[in-house]
There are 2 protein chains.
Amino acid sequence: MSNDHKRPLTLRDVSEASGVSEMTVSRVLRNRGDVSEATREKVLAAAKELGYVPNKIAGALASNRVNLVAVIIPSLSNMVFPEVLTGINQVLEDTELQPVVGVTDYLPEKEERVLYEMLSWRPSGVIIAGLEHSEASRAMLEAAGIPVVEIMDTDGKPVDAMVGISHRRAGREMAAAILKAGYRHIGFMGTKMPLDHRARKRFEGFTEYLAKNGVEIEDREFYSGGSALAKGREMTQAMLERSPELDFLYYSNDMIGAGGLLYLLDKGIDVPGQIGLAGFNGVELLQGLPRQLATMDACRLEIGRKAAEIISARLSEPPAETESQITLVPKISYGDTLKRR
Amino acid sequence: MSNDHKRPLTLRDVSEASGVSEMTVSRVLRNRGDVSEATREKVLAAAKELGYVPNKIAGALASNRVNLVAVIIPSLSNMVFPEVLTGINQVLEDTELQPVVGVTDYLPEKEERVLYEMLSWRPSGVIIAGLEHSEASRAMLEAAGIPVVEIMDTDGKPVDAMVGISHRRAGREMAAAILKAGYRHIGFMGTKMPLDHRARKRFEGFTEYLAKNGVEIEDREFYSGGSALAKGREMTQAMLERSPELDFLYYSNDMIGAGGLLYLLDKGIDVPGQIGLAGFNGVELLQGLPRQLATMDACRLEIGRKAAEIISARLSEPPAETESQITLVPKISYGDTLKRR
DNA sequence: TTGAAAGCGCTAACAA
DNA sequence: TTGTTAGCGCTTTCAA
């Protein structure tokens, strides 16, 4: 631990301190090739003594191997993506691979920049949220020559592999459950995010199914910014004042749904008798509310895990066989806010 | 976009395609040095046409410059750290610097591994949560020869710079407010995390202040895992059944506090008359509850921003002057669950 | 304004 | 089991 000089230590320093060639030092530090126990110990002692930290930049350049997996997601403030990351981490932890996260804020141009930036580090694989990308982004992904897994959504054609759920189907199934339960006057609340394609697809699936059954959404409202719980409360109040005939409220995420639920309970409204509610995501965080919101699990952890497994399998030597188009099927959880029929 | 060969493109390819030397191509792509408009355009056209993405690994090795800032935090599933990241991002977005995140799960050994891993990419700076690190980690930070900002906590001695709040003081101040409001029978609930030093310090500050005023915590309970909201509810119920004399509940975070609050409201208990409540963090997410929980803002966004500013200032050419020990002072927000006196 | 040569710190491939 | 040589793709430095 006696690095007084400001210059970072190199293999050469360890080599000189231990009297072993740079090459052998390198072998010891990477556990590669046969090295006698004696030299091995000499080297490790010297490296530790000096406080040597290998330079991966040089290593990567020389070996043409970079054990990084680029993970590109729209947001961190959402609770859904951190959970996907957790799944990815769980799997990659048992491998040499390291995730590196980039955030796009749902902006295609930013996605493009982030992707470019990450690819310039020559990662071994890419996990990226969504199937919708700018043309330039798709081109980069195709040209990168590395495994690419598009996650969260399966309504579309992937560049390479994909793991997710069908949000269209999720919307349809919730619509089916709602109609089956006998509700007919439906309001919708969601985020004002034209670029959240998954929310859009859920909405489309939802309305299409209703339309096929002669039902139309009677009121809708979109929000942006602020505390989702508070927004759910406010929007619900506003909507019910405006459209008192509604008997069901479908929320595009659980947080605003929870806000709505708390509002209705406050008001002493009978849920799900007078008004039914459903959200989307299956946010574990909400257990602990006075009533459980009906929702649909987005399979976040599992998506992360499967995506990482695909990357890891493709990168193993020799490449392992894997399915490369995985559609998970979320189940409705009725909770206490959607009648069961 | 016609990279049919699997070999990634190099500067040389762009050089050949444009008839300009590699060196000049490099200059164009980095906007460095004087290049005639004519060649400049030739180069950019060729690069775009080929779909060239520069290799930062080689660039970093040659220039000995890596525009990465290692950000090391204990967890992502917490809502507090994503917000710190947002602050960091906001500031770094206007610079050349890029954050790279590593997660330690509150484990010192994992912190050590993650730190080692990140330092081996020779980042330009480090932002790391907490002041408590293993000896090896401290040694690495000291030896790295780059700006290091320790964040969140200021109760201790930093390796280099620090930005945060005093959690001891936060605990003391909450204790003071509680006593001042007249509560005397206090219960505490928190996470079972011996390695969460900030929660520990808050707890210590809290109990010390109480002790000085002749008050002692009368019941306590710790949880781990599961939905915080649900845990808060369960623990609150259990504690009040066990210790019905309690008139105040102090929660180590807002989520369990919210669970407790919902439970008490369910039960029709008078808050804050019969029982007062307080949490910690200032989670915006909770606005929208029927009552606002008393809490204390942890200044997460500001901490992230200030930390990034310090790194950025230190790295500018010439290095800008900055304060390097910043203690933010959180304010109590009384909400509707703590009497004001 | 442009180009040529050297070398960043490491590892692959080969030799001893 | 260990060492030597060459070179990864870029940028620095210096020369033209």
Mind calculating the distance between [atom1] ([X]) and [atom2] ([N]) to the nearest angstrom?
X	N	atom1	atom2	value
A:Arg40	D:dT1	CZ	P	12 Å
B:Arg12	D:dC10	CZ	P	11 Å
B:Glu22	D:dG9	CD	C1'	8 Å
B:Arg65	C:dG9	CZ	P	14 Å
A:Asn55	D:dC10	CG	C1'	14 Å
A:Arg27	C:dC14	CZ	C1'	11 Å
A:Met23	D:dG3	CE	C1'	9 Å
B:Arg7	D:dG9	CZ	C1'	11 Å

message: Both B:Thr39 and A:Ala60 contact DNA chain C. Taking the nearest nucleotide for each, which residue is further toward the 5' end?
response: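 It is B:Thr39 whose nearest nucleotide is closer to the 5' end.
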
Compare side-chain N and O positions of [X] against OP1 and OP2 of [N] and report whether any pair is under 4.0 Å apart.
X	N	answer
A:Thr24	D:dT2	no
B:Arg30	D:dT11	yes
A:Tyr52	C:dG9	no
A:Arg32	D:dT2	no
B:Ser21	C:dT2	no

For residues [X] and [Y], is any side-chain donor paired with an opposing acceptor at under 3.5 Å?
X	Y	value
A:Asn31	A:Arg40	yes
A:Ser134	A:Arg138	no
B:Arg30	B:Ser26	yes

- request: Of all the heavy-atom pairs spanning A:Ala60 and A:Val66, show the shortest one and how long it is.
  value: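 Taking A:Ala60 first and A:Val66 second, the nearest heavy atoms are CB-CG2, 3.8 Å.
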
- request: Indicate the atoms forming the closest heavy-atom contact of B:Cys299 with B:Leu328, along with that distance.
  value: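 Answer, listing the atom of B:Cys299 first, then B:Leu328: CB-CD1, 3.8 Å.
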
Nucleotide nearest [X] when distance is taken to its side chain, options [options]:
X	options	value
A:Thr10	C:dC10, D:dT2, D:dG9	C:dC10
A:Val20	C:dT11, D:dC8, D:dG3	D:dG3
B:Ala58	C:dG9, D:dT1, D:dC10	D:dC10
B:Ser36	C:dG9, C:dT2, C:dG3	C:dT2

